[in-house]
Amino acid sequence: MAKLKAIYVCSNCGIQYGKWSGSCADCGEWNTLVEDVIDVSVQKKQESQIKRNAQITVRKLSDLDGARMIRVETGIKEFDRVLGGGMVPGSLVLLAGEPGIGKSTLMLQVLAELSQLKSILYVAGEESVEQIGLRSDRLSHKLDNVDFLMETDLDTILGYLAENKPDLIVVDSVSVIYSESLGSFAGSIPQVRAVTEGFMQYAKQSQTPVLLVGHVTKDGSIAGPKVMEHLVDVVLHLEGDRYEEIRLLRALKNRFGSTQEVGVFQMDSEGLQAVESPGQKLLKERTGNVIGSALTVTIDGRRPFVLEVQALVSKSYFGYPKRSATGFDLNRLHMLIAVLEKYHGLKLGEQDVFVNVVGGIKIKEPGCDLAIMEAIKSSFKKEPLDGQQVFIGEVGLDGKVRDPYFKEIRLKEVG
Ligand code: TYD
Ligand code: MG
């Protein structure tokens with residue numbers, strides 16, 4: 001007979017506890033422990049029953065014939081690139097991102113390119129088929145091979161899959177699917193885990209690729225416990241500023257490829273468009289010299305991005321001058337200001353300094369230090385910078401400028 005026991009699972013890191021407490025002892029987050037129920041009798045049985053003479057087969061890699069895995073290429077190059085060259089049969093891919101960032105748009109665009117597959121199942125839990133139809137009509141998507149299923153019950157969906165065996169499955173989104181047998185509400189941790197496990201088993205058994213769409217919570221982590229990230233083969237993250245056009249697709253985890261690749265898209269009225277060389281337009285269109293604005297090249301993953309950084313230096317009317325950075329690390333800005341004071345003689349002690357990286361992209365590496373410093377200097381001295389000049393270089397505490405990593409890639413990007 002099932003022997004149920006209540007446990008508490010941290011929704012941030014997935015660690016289990018026997019008792020509830022206000023904060024997780026492992027990751028330190030507050031208010032993240034949620035109740036879950038496990039069947040202790042099953043666990044005990046598993047421990048005591050080692051199967052000694054079971055009929056199993058072990059294999060050598062050399063036994064596999066040449067055709068190991070044929071990836072399904074989607075035709076959307078930026079998407080395939082991040083996956084490591086297309087979808088692997090039997091893989092479970094999680095596409096996560098904030099609401100409204102373009103996950104459903106991307107999924108439908110990918111499906112529209114997959115005319116080589118006979119049947120695709122799109123489990124629509126969030127939008128109605130009519131809504132999806134309106135959007136795909138507007139974007140002229142051909143989705144003749146896609147069957148839409150409006151269903152949120154996990155067991156019904158798995159039953160449908162067992163009968164109909166589609167070539168590819170998209171679930172939009174995991175947090176609305178639930179299993180009645182669990183009793184907790186959709187989107188809760190036990191539910192999200194059960195749903196992920198259900199689709200994982202199906203993907204592995206049937207060798208069908210499954211794409212799960214998931215949400216990201218306010219602090220940027222994927223809703224649901226870490227266990228979801230452990231279960232899936234690939235975690236893709238679609239990010240960007242909702243008010244800017246650029247969307248970056250990156251792999252946070254990839255069992256079949258590198259996590260260094262970044263896909264770049266632009267959201268416009270025609271959906272998401274792939275961007276081959278981000279920032280090239282900026283380089284071409286920029287004419288004339290500007291005060292407080294410098295061009296630079298940053299690296300994300302292995303991809304170069306041409307960017308404009310702006311600085312505004314203005315007299316401070318408060319005792320403590322304000323420093324503010326958008327798209328750049330504030331501590332690093334403080335350091336660059338100190339270098340400008342000490343080695344370049346700029347008196348910034350009574351000046352407010354604002355730095356802004358244009359276009360919604362964040363600079364997360366030191367290769368753009370020089371550009372930021374030049375922009376600040378230019379604004380302070382009211383001397384324009386050459387509009388065609390691109391600044392790259394890392395600045396150290398000694399005030400010296402060093403070559404940034406991937407210098408060659410950056411230089412190649414600006415020709
Ligand atoms: P959506 O894919 O529904 O986001 P998600 O599934 O991640 O919640 O995209 C929603 C936003 O994208 C919506 O606010 C409008 C914008 N959008 C465009 O700008 N152009 C388009 O062609 C489409 C389809 C959406
Ligand atoms: Mg959506």
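All figures in this text were calculated on a predicted structure; none of them were measured in a lab. For ligands, and for the atoms within them, numbers begin at 1 and follow the listed sequence.
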Checklist line | Nearest-0.5 Å distance, NZ of residue Lys103 to CG of residue Asp172 | finding: 7.5 Å
Item checked: ligand 1 contact on Asp172 by region, counting heavy-atom pairs under 4.0 Å -> neither
Check: Around the Mg ion (ligand 2), how many protein N, O or S atoms are closer than 2.8 Å?
Finding: 1
Notebook entry, point to check: About how many Å separate CG of Leu121 and CD1 of Ile157, when rounded to the nearest 0.5 Å?
Noted result: 8.0 Å
Check: For Leu397, does the CG atom sit with more than 12 other heavy atoms under 6.0 Å from it, leaving out its own atoms?
Finding: no
Item checked: Gly102, any N or O under 3.5 Å of ligand 1 N or O -> yes
Note to self: Using a 3.5 Å cut-off on N or O atoms only, is Leu139 in polar contact with ligand 1?
What the structure shows: no
Item checked: Sub-4.0 Å atoms of ligand 1 with respect to non-hydrogen atoms of Asp268 -> 18 (C), 19 (O), 20 (N), 21 (C), 22 (O)
Item checked: Those atoms of ligand 1 less than 4.0 Å from some heavy atom in Ser269 -> 22 (O)
Check: Could you give the distance from CZ (Phe148) to CD1 (Ile120), rounded to the nearest 0.5 Å?
Finding: 9.0 Å
Check: Considering distance alone, does some N or O of Gly271 sit under 3.5 Å from an N or O of ligand 1?
Finding: yes
Note to self: Judged on heavy-atom distance to atom 3 (O) of ligand 1, which of Arg135, Arg247, Glu127 sits nearest?
What the structure shows: Arg135
Note to self: Tell me if the CD atom of Gln389 is crowded by more than 12 foreign heavy atoms within 6.0 Å.
What the structure shows: yes
Margin query: Using a 4.0 Å cut-off to any heavy atom of Pro99, which atoms of ligand 1 qualify?
Written below: 8 (O)
Check: Restricting to pairs with a member in residues 134-147, which pass side chain to side chain donor-acceptor pair (under 3.5 Å), not counting sequence neighbours?
Finding: Thr105-Arg135, Glu127-Arg135
Note to self: Nearest 0.5 angstrom please: Glu113 CD to Leu143 CG, how far?
What the structure shows: 10.5 Å
Notebook entry, point to check: Is ligand 1 under 4.0 Å from a heavy atom in the side chain of Lys103, in the backbone, in both, or in neither?
Noted result: both
Checklist line | Candidate pair Leu307 and Ile363, rule side-chain contact (heavy atoms from CB on, under 4.5 Å), full reasoning | finding: CA-CA 9 Å; Leu307 288 179; Ile363 297 178; 3.7 Å; yes
Check: For Lys315, does the NZ atom have more than 12 heavy-atom neighbours from other residues, nucleotides or ligands under 6.0 Å away?
Finding: yes
Next item on the list: Would you mind telling me if ligand 1 is within reach of the side chain of Ser104, the backbone, both or neither, using heavy atoms under 4.0 Å?
Entry: both
Next item on the list: Can you spot which of Lys362, Arg250, Arg247 makes a side-chain hydrogen bond (donor to acceptor under 3.5 Å, both in side chains) with Glu239?
Entry: Arg250
Next item on the list: Using heavy-atom distances, let me know which of Arg138, Met267, Gln273 sits nearest atom 12 (O) of ligand 1.
Entry: Met267
Checklist line | Close side-chain approach of Val358 and Gln310, heavy atoms under 4.5 Å | finding: yes
Check: If every non-hydrogen atom of Leu370 is compared with every non-hydrogen atom of Ile392, which pair is closest and at what distance?
Finding: CD2-O, 3.6 Å
Check: Given that the side chain starts at C-beta and the backbone is N, CA, C, O, which of these parts of Glu126 lies under 4.0 Å from ligand 1, counting heavy atoms, or is it both or neither?
Finding: neither
